[in-house]
Amino acid sequence: MAETLDKVYDPPSIEKKWYKFWEKAGLFQARADGSRPPYCIVIPPPNITGSLHMGHALNNTLQDILIRFKRMQGFDALWMPGTDHAGIATQNVVERMLAQEGKDRHSLGREAFVERVWQWKEQSGGQIITQLKRLGCSCDWSRERFTMDAGLSRAVREVFVRLYEEGLIYKGDYIINWCPRCQTALADLEVEHEPKDGHLYYIKYPLVGQEGAVTVATTRPETLLGDTAVAVHPDDPRYLAYHGACLRLPVLGRKIPLITDPHVAPEFGTGALKVTPAHDFHDFEIARRQGLPAVKVLDEQGVMTEEAGKYQGLDRFTCREKILKDLKSDGLLEKVERYAHSVGQCYRCRTIVEPMISKQWFVATKSLAEPALDAVRQGRLRLIPDSWENSFFDWMTNIRDWCISRQIWWGHRIPAWTCPQCQQVIVAREDPQACPACGGNDLHQETDVLDTWFSSALWPFSTLGWPETTPELKLFYPTSVLVTAFDILFFWVARMMMMGIHTMGEVPFREVYIHALVRDPEGQKMSKSKGNIVDPLELMDRFGTDAFRFSLAAFAAMGRDIRLSEERLAGYRNFANKVWNACRFTLMNLGDYDAALPDEQPLTVAESWILSRLQQVSADTVKTLDAYDFDQAAHVLYQFIWHEFCDWYLELIKPQLSPAAAPEARRHCQGILLKVLNSILRLLHPFMPFITEEIWHKLPNTQGSIMVSPFPQPDPALNNPHAEREISLLMNTITAIRNMRSEMNVPPATLVDILIFAQEALPLEILKRHTQAITLLARVQEVRFQPDSGPPAAAAKSVVLLPEGGSVDLVMPLTGIIDFREEERRLNREMDKLSRDLAQAQRKLANDDFLAKAPPDVVEKEKERLQAFTEKLTKLKSHQKRIREFVR
RNA sequence: GGGCGGAUAGCUCAGUUGGGAGAGCAUCGGCCUUACAAGCCGGGGGUCAGAGGUUCGAAUCCUCUUCCGCCUACCA
């Protein structure tokens with residue numbers, strides 16, 4: 001006896017159960033033995049500080065769909081999971097905790113602080129992993145990695161040393177972005193520019209030894225304390241007379257030169273630029289070109305240094321106010337304009353960053369970027385959609401050296417030591433005991449740690465065991481695809497490409513699928529400050545994980561932002577319930593089904609049709625998933641399962657399935673139904689893993705897990721255009737009758753008679769075969785074919801066009817049923833529409849150019865259309881005439 | 001400043017080599033028809049942002065305009 005199901009699908013009751021089942025059975029684990037073709041995705045490692053947000057949910061759902069799909073297709077599918085130590089973010093979290101205890105990291109000391117972070121990581125760092133499991137992610141957890149575990153740390157060190165030895169890592173004094181709050185250098189990318197309403201201050205720099213002054217414009221007046229020149233464009237006529245002159249720096253009184261530099265834009269402000277080499281990127285470059293000194297007036301806390309004279313010790317913004325006041329009283333503040341400009345902020349804490357000269361470590365990126373550019377240009381690595389290529393090329397071509405040192409404690413400490421005796425710098429794989437140059441043994445290790453993105457740049461090969469040559473590395477590198485949102489294309493993807501190609505000699509992945517960002521229903525980016533965060537866990541609770549995943553897939557059209565809509569989530573929850581009930585129906589009708597008994601029965605037309613459609617849907621699903629058209633795949637499945645399988649196939653087979661049917665026919669029908677349902681579940685499984693597994697186990701003749709059952713293969717032999725045409729005619733006929741009934745306000749309880757007329761014999765034969773379906777599905781009492789009496793005058797009429805030409809007339813006698821006026825209105829509506837289509841076709845065919853230049857098949861098609869429209873219109877017209885006569 | 005994307009039904013969006021405008025939700029009408037009211041059946045609703053061009057034919061290709069996003073950039 002088959003099992004039964006509850007009436008409504010209840011997700012929470014089964015989701016946990018099946019995840020445990022899969023994990024316990026080891027079904028997530030890749031074999032890595034070469035017995036199957038490899039397929040590998042490395043997860044974009046979530047930060048250990050993170051908890052699952054919409055972006056993760058989308059990103060990981062898509063990856064899981066791909067991995068489950070490929071696993072079922074017979075690949076040795078490895079989804080490599082892990083987490084990122086997230087240097088600054090994590091340090092900030094732990095520092096905030098310390099602050100609540102009234103402590104700070106300095107009072108703890110470096111070692112104790114790092115220990116504390118590890119403790120925190122052990123306690124709360126795994127939260128997001130639990131949440132990924134909740135989402136159903138089939139990662140190979142037995143291989144889970146962490147960017148600071150022993151193996152990955154070794155990889156980091158190895159790469160660092162190699163790049164240093166190759167001269168691609170260097171240390172030097174350069175201008176960098178500094179976050180005064182995090183107290184660390186930031187890479188250019190880690191600075192977010194935000195438009196701010198500010199002011200442009202016009203400040204007079206008096207000339208030395210002559211009358212007058214040169215006025216400069218600036219948004220940051222406090223930096224004038226660090227000015228070492230004023231620059232003008234060499235050809236600017238206003239300043240030709242002053243070339244070579246000296247100016248007196250306001251407030252401090254220092255003498256600075258007026259220099260010329262072609263980079264100054266004469267049209268901006270006054271055309272005179274104050275040069276602050278220590279605190280401005282542009283000025284830094286000018287100073288290097290012209291050999292100007294740099295004066296550092298801001299320190300690492302954003303406080304004025306002693307170079308700032310009487311302003312020493314002031315906060316940078318307090319200093320700004322003070323200086324403005326002083327300038328005013330000195331009569332040197334010419335004017336102030338409102339000015340909107342963009343201000344750089346720390347991407348972690350949103351503090352305004354300060355450009356600053358500092359000794360930092362850099363990766364020379366030019367020679368690394370070139371091979372990555374080539375890989376994309378030559379198609380060895382595909383960006384999907386390729387609209388991202390432009391941005392990628394642009395960024396990689398103009399890339400600047402990457403500042404990789406951070407002045408924080410949590411991260412990979414830079415493996416460099418300095419000998420205080422002889423200043424020798426040692427960069428080594430193993431901690432050195434003594435200075436190789438002078439033998440001194442009091443070596444000082446670099447206190448800086450590496451940018452968090454340095455270790456994640458190695459992720460695709462470090463997680464597979466590099467620098468060891470593991471079987472995994474051999475088998476799975478290059479990985480198959482990277483799935484990521486575009487916001488970390490440069491942070492992460494580009495750097496993985498550079499590091500992967502340089503270290504491994506081969507791209508880290510063959511394809512990068514770049515998906516959209518999830519926004520709120522108003523299209524706003526979700527952020528804590530806006531308070532518009534939607535919690536994916538809550539949505540899973542409310543709609544079920546399967547419906548949630550299916551929704552994300554259905555939303556994931558390429559190259560577009562995703563707006564979250566609860567209405568659609570509810571729609572896909574209903575879809576899950578529909579699937580559930582289709583299975584419930586199946587199980588209810590299985591009764592005494594015994595698969596062991598032979599089935600000699602031929603396929604019915606409805607069966608041939610559904611099998612034909614099923615195989616097309618399999619083909620479409622494979623095709624769209626391979627092309628990352630997740631929304632298409634979801635749509636195809638939704639449409640087929642609901643509107644073909646449920647709406648028509650299940651309805652059509654009901655008579656054959658009933659206990660009244662012949663036992664052999666019934667058993668045969670059960671067998672095919674099971675087969676189709678089984679395939680549907682497997683097609684759906686990558687999207688909806690839980691419900692499909694649950695049902696799978698309720699079906700007879702299934703074993704093991706659906707997770708490792710084969711994905712339905714398209715089978716062209718099952719393609720059956722004949723059956724499709726036949727069922728299509730039947731569906732059109734039933735729909736036309738339903739339509740007539742509904743438009744004529746015939747209540748469902750009233751059975752009607754239908755007369756069917758046609759010129760050709762074939763459509764009549766076909767419909768005769770399906771008389772039972774017509775009576776049941778269109779609520780018809782009696783169907784009569786070509787009765788000798790002909791169509792009665794008092795009747796409603798509908799014309800079904802046949803794709804191969806010709807038509808079928810459906811006549812519904814209206815004795816005592818139909819309102820003639822209603823029928824006339826209905827006819828008018830239909831004929832209006834028809835006339836418009838007809839006129840359009842006539843216009844086209846009257847055009848000689850169209851006949852001469854359009855492809856023959858298009859012309860032919862148009863002719864057929866015209867004929868069909870004409871035929872239908874003629875019939876409806878004569879019917880209309882009869883109705884009118886009858887009414888009179 | 002440079003680049004990219006979007007503007008299609010009331011809402012959210014599909015529409016991939018240019019050839020009969022689609023889906024889901026919403027709406028309206030009718031149904032508790034024994035899998036499902038989270039359901040069934042049927043209907044209405046669109047100068048495909050605007051203008052021009054290419055073409056026999058444009059939502060689709062080209063140009064321009066308007067209005068929204070986003071990315072990127074050292075005009076202080």
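Protein chains get the first letters and strands the later ones, always in sequence-line order, with residue 1 at the start of each. Hydrogens, waters and symmetry mates play no part in the numbers below; they use all other heavy atoms, side chains included.
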Q. A:Asp647 near the nucleic acid: base, sugar-phosphate alone, or nothing, with a heavy-atom cut-off under 4.0 Å?
A. sugar-phosphate

Q.
Side chain of A:Asn577, heavy atoms from C-beta onward: which of B:A14, B:C56, B:C36 has the nearest atom to it?
A. B:C36

Q. With respect to the side chain of A:Thr735, which nucleotide from B:G42, B:A38, B:C36 is positioned closest?
A. B:G42

(Q) Closer than 3.5 angstrom, by distance alone: can the side chain of A:Asp401 be matched with the main-chain N or O of A:Thr365 as a donor-acceptor pair? (A) yes

Q: Any strand is fair game: report the nucleotide pairing with B:U33 by Watson-Crick or G-U wobble, both distances under 3.5 Å, or none.
A: none

**Q.** Whole-Å distance separating the CZ atom of A:Arg825 from the C1' atom of B:G44
**A.** 15 Å

Q.
Taking donor-acceptor contacts at under 3.5 Å, does the side chain of A:Lys7 reach the base of B:C36?
A. no

Q) For B:G5, what is the paired nucleotide under Watson-Crick or G-U wobble rules, both distances under 3.5 Å? A) B:C68

(Q) Without decimals, in angstroms, what is the distance between A:Glu192 CD and B:C70 P? (A) 12 Å

**Q.** Proximal nucleotide (of B:C56, B:A35, B:U16) relative to the A:Gln632 side chain
**A.** B:U16

Q) So which nucleotide from B:G20, B:C74, B:C40 ends up closest to the side chain of A:His282? A) B:C74

(Q) What contact category does A:Pro855 fall into here, base, sugar-phosphate, or nothing, at under 4.0 angstrom with non-hydrogen atoms? (A) base

**Q.** Distance, P atom - from B:U17 to B:C13, rounded to whole angstrom
**A.** 23 Å

Q: Provide the distance between the two P atoms, one in B:G39 and one in B:C11, to the nearest whole Å.
A: 24 Å

Q.
Considering every strand and a 4.0 Å limit on heavy-atom distances, what is the contact class for A:Glu285: base, sugar-phosphate, or nothing?
A. nothing

(Q) Please determine whether side chain to side chain contact (heavy atoms under 4.5 Å, CB included) holds for the pair A:Leu673 and A:Leu657, giving the CA-CA distance in whole Å, both sets of side-chain angles, and the decisive distance to 0.1 Å. (A) CA-CA 10 Å; A:Leu673 169 59; A:Leu657 221 45; 3.9 Å; yes

Q | N or O in side chain of A:His643 less than 4.0 angstrom from B:G24 OP1/OP2 | A | yes

Q. Rounded to the Å, how far apart are A:Arg779 CZ and B:G42 P?
A. 14 Å

Q. Pick the nucleotide of RNA chain B nearest each of A:Arg865 and A:Gly271; which residue has the one closer to the 5' end?
A. A:Arg865

Q) Counting side-chain heavy atoms from C-beta on, which of B:A76, B:C41, B:A35 comes nearest to A:Arg738? A) B:C41

(Q) When both hydrogen-bonding distances must be under 3.5 Å and the geometry is Watson-Crick or G-U wobble, what is B:C13 paired with, if anything? (A) B:G22

(Q) Taking the P atom in each of B:C67 and B:G50, what is the distance between them to the nearest angstrom? (A) 16 Å

Q.
Distance check, C1' atoms only: B:G22 and B:A14, in whole angstrom units.
A. 7 Å

(Q) Counting only side-chain heavy atoms from C-beta out, which of B:A35, B:G42, B:A76 sits nearest to A:Met588? (A) B:A35

Q) Just checking A:Tyr339: base, sugar-phosphate only, or nothing, at a heavy-atom cut-off of under 4.0 Å? A) sugar-phosphate

Q: Calculate the interatomic distance between A:Ile691 atom CD1 and B:C36 atom C1'; express it in whole Å.
A: 12 Å

Q | Phosphate contact (B:C74 OP1 or OP2) by A:Arg400 side-chain N/O below 4.0 Å | A | yes

Q. Contact class for A:Lys654 vs. all strands (heavy atom < 4.0 Å): base, sugar-phosphate, or nothing?
A. base

Q) Picking from B:A14, B:C36, B:C4, which would you name as closest to the side chain of A:Asn390? A) B:C4

Q: Among B:C70, B:A35, B:C56, find the nucleotide with the atom closest to the side chain of A:Lys853.
A: B:C56

Q. When the nearest nucleotide of RNA chain B is assigned to A:Cys583 and to A:Asn847 on a heavy-atom basis, which residue is associated with the more 5' position?
A. A:Cys583

**Q.** Partner of A:Phe630 under ring-ring contact (aromatic ring centres under 6.0 Å, His included), chosen from A:Tyr513, A:Phe687, A:Phe550
**A.** A:Tyr513

**Q.** Residue A:Trp642, side-chain atoms from C-beta onward, closest of B:A76, B:C40, B:G24
**A.** B:C40

Q: Describe the nucleic acid contact of A:His279 in one word from base, sugar-phosphate, nothing, applying a heavy-atom distance below 4.0 Å.
A: nothing

Q. Separation of A:Phe575 atom CZ from B:G24 atom P, in whole Å?
A. 12 Å

Q. Separation of A:Asn574 atom CG from B:C25 atom P, in whole Å?
A. 8 Å

Q.
Taking only the C1' atom of each, what is the distance from B:C40 to B:U8 in whole angstrom?
A. 30 Å

Q) Between A:Arg865 and A:Glu862, is there a side-chain N and carboxylate O pair less than 4.0 Å apart? A) yes

Q: Kindly point out which of B:G30, B:C74, B:C41 is positioned nearest to the side chain of A:Pro748?
A: B:G30

Q | Distance, C1' atom - from B:C61 to B:A23, rounded to whole angstrom | A | 26 Å

Q | Stepwise side chain to side chain donor-acceptor pair (under 3.5 Å) test for A:Asn581 and A:Tyr9 | A | CA-CA 8 Å; A:Asn581 273 292; A:Tyr9 172 55; over 6 Å; no

Q: Could you tell me whether A:Glu830 and A:Lys872 make a salt bridge, using a distance below 4.0 angstrom between a side-chain N and a carboxylate O?
A: yes

Q: Could you tell me whether A:His635 contacts a base, only the sugar-phosphate backbone, or nothing, with contacts defined as non-hydrogen atoms closer than 4.0 Å?
A: sugar-phosphate

Q) Expressed in angstrom and rounded to an integer, what is the separation of A:Glu567 atom CD from B:C13 atom P? A) 12 Å

Q. How far does the P atom of B:G43 sit from the matching atom of B:C62, given to the nearest Å?
A. 38 Å

Q. With under 30° as parallel and over 60° as perpendicular, where do the rings of A:Phe491 and A:Tyr347 fit, or are they tilted in between?
A. parallel

Q. Which is true for A:Glu651 with a 4.0 Å heavy-atom rule: it touches a base, it touches only sugar-phosphate, or it touches nothing?
A. base

Q. If you measure from the P atom in B:A7 to the same atom in B:C75, how many Å do you get, rounded?
A. 31 Å

Q: Quick one: label A:Val275 by what it contacts on the DNA or RNA (base, sugar-phosphate, nothing), any heavy atom closer than 4.0 Å.
A: nothing

Q.
Closer than 4.0 angstrom, basic N to acidic O: yes or no for A:Arg568 and A:Glu566?
A. no

**Q.** A:Asp283/A:Lys274 ion pair, N-O < 4.0 Å
**A.** no

(Q) Under 4.0 Å, heavy atoms only, any strand: does A:Thr218 hit a base, just the sugar-phosphate, or nothing? (A) sugar-phosphate

Q | Nearest-angstrom distance from the residue atom CZ of A:Phe393 to C1' of B:C4 | A | 15 Å

